[in-house]
Amino acid sequence: GCDIIPGINNRKDNMYNTLLYIGIAFLLSGFGLFIVAIIMERHYEVKLWKLKNRDYIDKYNEQTKW
């Protein structure tokens with residue numbers, strides 16, 4: 001096409017590309033934080049289980065000593 005002001009469409013497309021990259025960055029960072037949240041949830045779930053069953057674990061360790 002014949003543009004009256006050359007380069008105006010290029011600027012508009014560049015803005016849309018920037019918005020696209022920002023959106024992709026938000027999606028990827030959100031996914032990364034979701035994975036971190038799952039890992040931390042598992043970590044504290046195991047920690048809580050060990051705390052609740054400390055007596056059982058100590059008795060088991062005493063029985064299995066050489």
Side-chain angles (χ1 to χ4, degrees):
C2 188
D3 291 332
I4 298 169
I5 305 171
I8 193 84
N9 272 345
N10 193 14
R11 254 189 251 134
K12 199 173 187 182
D13 292 342
N14 193 13
M15 183 187 72
Y16 287 132
N17 283 341
T18 304
L19 288 175
L20 178 71
Y21 295 144
I22 290 171
I24 289 172
F26 271 120
L27 283 173
L28 290 177
S29 61
F31 181 72
L33 288 173
F34 179 71
I35 297 298
V36 168
I38 290 173
I39 291 169
M40 292 310 293
E41 182 185 15
R42 172 75 179 143
H43 170 75
Y44 285 112
E45 192 71 30
V46 168
K47 207 169 183 179
L48 187 63
W49 183 87
K50 283 181 181 177
L51 195 62
K52 284 182 178 178
N53 296 300
R54 190 176 3 177
D55 296 335
Y56 171 75
I57 293 170
D58 289 342
K59 285 178 189 173
Y60 180 78
N61 287 336
E62 286 175 10
Q63 290 173 359
T64 56
K65 280 184 181 172
W66 290 88

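Bear in mind the structure is a predicted one, so any value in this text is a computation, not a measurement.
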Hey, what else clusters with I22 if you join Ile, Leu, Val, Met, Phe, Trp, Tyr whenever side-chain heavy atoms sit under 4.5 Å?
F26

Members sharing Y16's hydrophobic cluster (side chains within less than 4.5 Å)
M15, L19

From I38 CD1 over to I35 CD1, what is the distance, rounded to the nearest 0.5 angstrom?
5.0 Å

I'd like to check the side chain to side chain contact (heavy atoms under 4.5 Å, CB included) partners of [X]; sequence neighbours left out, ordered by chain and number.
| X | answer |
| --- | --- |
| K52 | L48 |
| Y44 | M40, K47 |
| Y60 | T64 |
| L28 | I24 |

